[in-house]
Amino acid sequence: MASEATTIEVDGPSGVREMRVSSPSRVLWPEAGVTKLELAEYLVAVAGPFLEANGDRAVSLQRYGGDVTGESFFSKNPPKGAPQWIRSVVVTYPSSRTHPQLVLDEPAAMVWAAQMNTVVFHAWPSRAERSDFPDQLRIDLDPQPGTAFAEARSAAFGMRDVLAEAGLSAYVKTSGNRGLHCYAPIRPEHEFLDVRHAVIAAARELERRTPETVTTAWWKELRGERVFLDYNQAARDRTIAGAYSPRPLPLATVSTPVSWDELEAGVDPQAFTVRTVPGRLAEHGDPWAGMHESAGSIDVLLGWWERDLADGLGELPFPPDYPKMPGEPPRVQPSRARNV
């Protein structure tokens, strides 16, 4: 008997493409009941702002063999059988190895990724043809045990103020879980290490101002009940879920851009889901539209970095490359004990 499948018509710059979706009724989010076809339809509905945020960038696909309660793996190189019309670009990893990674240029490529069981889209902070020069400064505001979204919200406003003092315009989105992601568009003038140092300088400045509520401590047992300012999201080949990317969480939540006014008035990150975000965009528009028109320089932050170096504050730990152990749950930030 033929397997269940359907096709959807997807408009794009090259015209309409008919994209196959196998097993369209397969449930990817069991608790929410969201199916594979719903995921594909969601991606078509948000394609414009999704591609403005994540297009023209190397992208890693987080793919699932079953539903989101099971194991996932990251697909960086173009998978075998990828359509010829999907672009790739060669990028350099921290090991100095180079490999091609996919680039999403049109809505049909997003639907193809969904057909390949992609749930989360992790875009690089640099453009495809200038992959060594980030055009986004990113900080992950990660609530630690004993803290929640409210604390991340306070940290986001503090980070906005710090970045404004450095001459940068800050944008914010929900992580899809308890945290927030703070972005600032920057001119692609510096390589990854400089951008990482700029992020560390901003994080340290906020930590000086509110040491009781935020921390830059990499080792999780030193963080306490504070929001971790994850500076290592600025390291080469470290990415976070892109704007409008679904997350593998029970309610099929989406990492959703919000305005600062919305964040101040109060938002519920659990309310932004695969089923609700298209309607939100239709009603309110994209808070990140035109974001890169306000790109700024990181020179002030690099000046703060040099000041901190002169004061004895040096480099912070890079992401370690620990092998995953049998039965280990999804990766968390490492404990100092694992580095012994």
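We're numbering straight along the sequence, starting at 1.
- Between the side chain of W85 and the main chain of A109, no donor-acceptor pair closer than 3.5 Å is present.
- Under a hydrophobic-cluster definition in which Ile, Leu, Val, Met, Phe, Trp and Tyr are linked whenever side-chain heavy atoms come within less than 4.5 Å, directly or via other members, F121 and V46 are assigned to the same cluster.
- Nearest heavy atom pair, residue A203 against residue T216, reads CB-CG2, 3.7 Å.
- In this structure, the side chains of R236 and V195 stay at 4.5 Å or more apart for every pair of heavy atoms.
- Each of I139, L141, D140 was evaluated against D230; a single residue qualifies, D140, per the side chain to side chain contact (heavy atoms under 4.5 Å, CB included) test.
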### Task
Take Y244 and E52 through the side chain to side chain donor-acceptor pair (under 3.5 Å) test and state the conclusion after the steps.
CA-CA 10 Å; Y244 299 107; E52 184 172 349; over 6 Å; no
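- Residues I298 and H197 have side chains not in contact (no heavy-atom distance under 4.5 Å, counting atoms from C-beta outward).
- P125 is not listed as a side-chain neighbour of Q233, based on a closest heavy-atom distance of 4.5 Å or more.
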Side-chain polar contacts of residues 62-69 - donor-acceptor pairs under 3.5 angstrom, sequence neighbours left out - could you list them?
| from | atom 1 | to | atom 2 | distance (Å) |
| --- | --- | --- | --- | --- |
| Q62 | OE1 | H122 | NE2 | 2.9 |
| Q62 | NE2 | Y64 | OH | 3.3 |
| Q62 | NE2 | S72 | OG | 3.2 |
| R63 | NE | M116 | O | 2.9 |
| R63 | NH1 | S75 | OG | 3.3 |
| D67 | OD1 | T69 | N | 2.8 |
| D67 | OD1 | T69 | OG1 | 2.3 |

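- The distance from the CZ atom of R153 to the CG atom of L180 is 9.5 Å, given to the nearest 0.5 Å.
- The backbone N or O of P211 sits less than 3.5 Å from a side-chain atom of R226, completing a donor-acceptor pair.
- The environment of E212 atom CD is dense: over 12 non-hydrogen atoms of other residues, nucleotides or ligands sit within 6.0 angstrom.
- The backbone N or O of P317 sits less than 3.5 Å from a side-chain atom of N232, completing a donor-acceptor pair.
- Within the 4.5 Å cutoff, side-chain heavy atoms of K76 are placed close to those of D237.
- Side-chain heavy atoms closer than 4.5 Å link hydrophobic residues (I, L, V, M, F, W, Y) into clusters, and following such links, even through other members, never connects Y231 to L193.
- At least one cation-pi condition fails for R17 and W112: the charged atom is not both under 6.0 angstrom from the six-membered ring centre and inside a 45 degree cone around its axis.
- Side-chain contact check for L249 versus N177: some heavy-atom pair is nearer than 4.5 Å.
- Taking hydrophobic clusters as Ile, Leu, Val, Met, Phe, Trp and Tyr residues chained together by side-chain heavy-atom distances below 4.5 Å, V27 does not share a cluster with V120.
- Distance check, rounded to the nearest 0.5 Å: CE of M110 to CE of M19 gives 11.5 Å.
- For S60 and Q101, the side-chain atoms include at least one donor-acceptor pair closer than 3.5 Å.
- Judged by a 6.0 Å distance limit and a 45° cone about the ring axis, R196 is positioned over the six-membered ring of F318.
- Taking both residues in full, the closest heavy atoms of L163 and L301 are given as CD2-CD1, 4.2 Å, listed atom of the first, atom of the second, then distance.
- Here the straight-line distance linking atom OG1 of T276 with atom CG of L251 works out to 10.0 Å at 0.5 Å rounding.
- Clustering ILVMFWY residues whenever any of their side-chain heavy atoms sit less than 4.5 angstrom apart, transitively, puts V90 in a cluster other than the one holding Y93.
- Two residues are said to be in side-chain contact when any heavy atoms from C-beta on lie closer than 4.5 Å; P278 and Y42 meet this criterion.
- Taken from CZ in R160 to SG in C182, the straight-line distance is 9.5 Å, to the nearest 0.5 Å.
- Taking the side chain as every heavy atom from C-beta outward, S22 and Q115 approach each other to under 4.5 Å.
- Here the two rings, on F157 and W260, have centers that are under 6.0 Å apart.
- E38 CD to R26 CZ: the interatomic distance, rounded to the nearest 0.5 Å, is 13.5 Å.
- Rounded to the nearest 0.5 Å, atoms CD (Q270) and OG1 (T174) are 9.0 Å apart.
- Connectivity analysis of hydrophobic side chains (ILVMFWY, heavy atoms under 4.5 Å, direct or indirect) links Y183 to Y171, I240, W288, M291.
- Put simply, the side chain of K173 reaches to within 4.5 Å of the side chain of H181, judged on heavy atoms.
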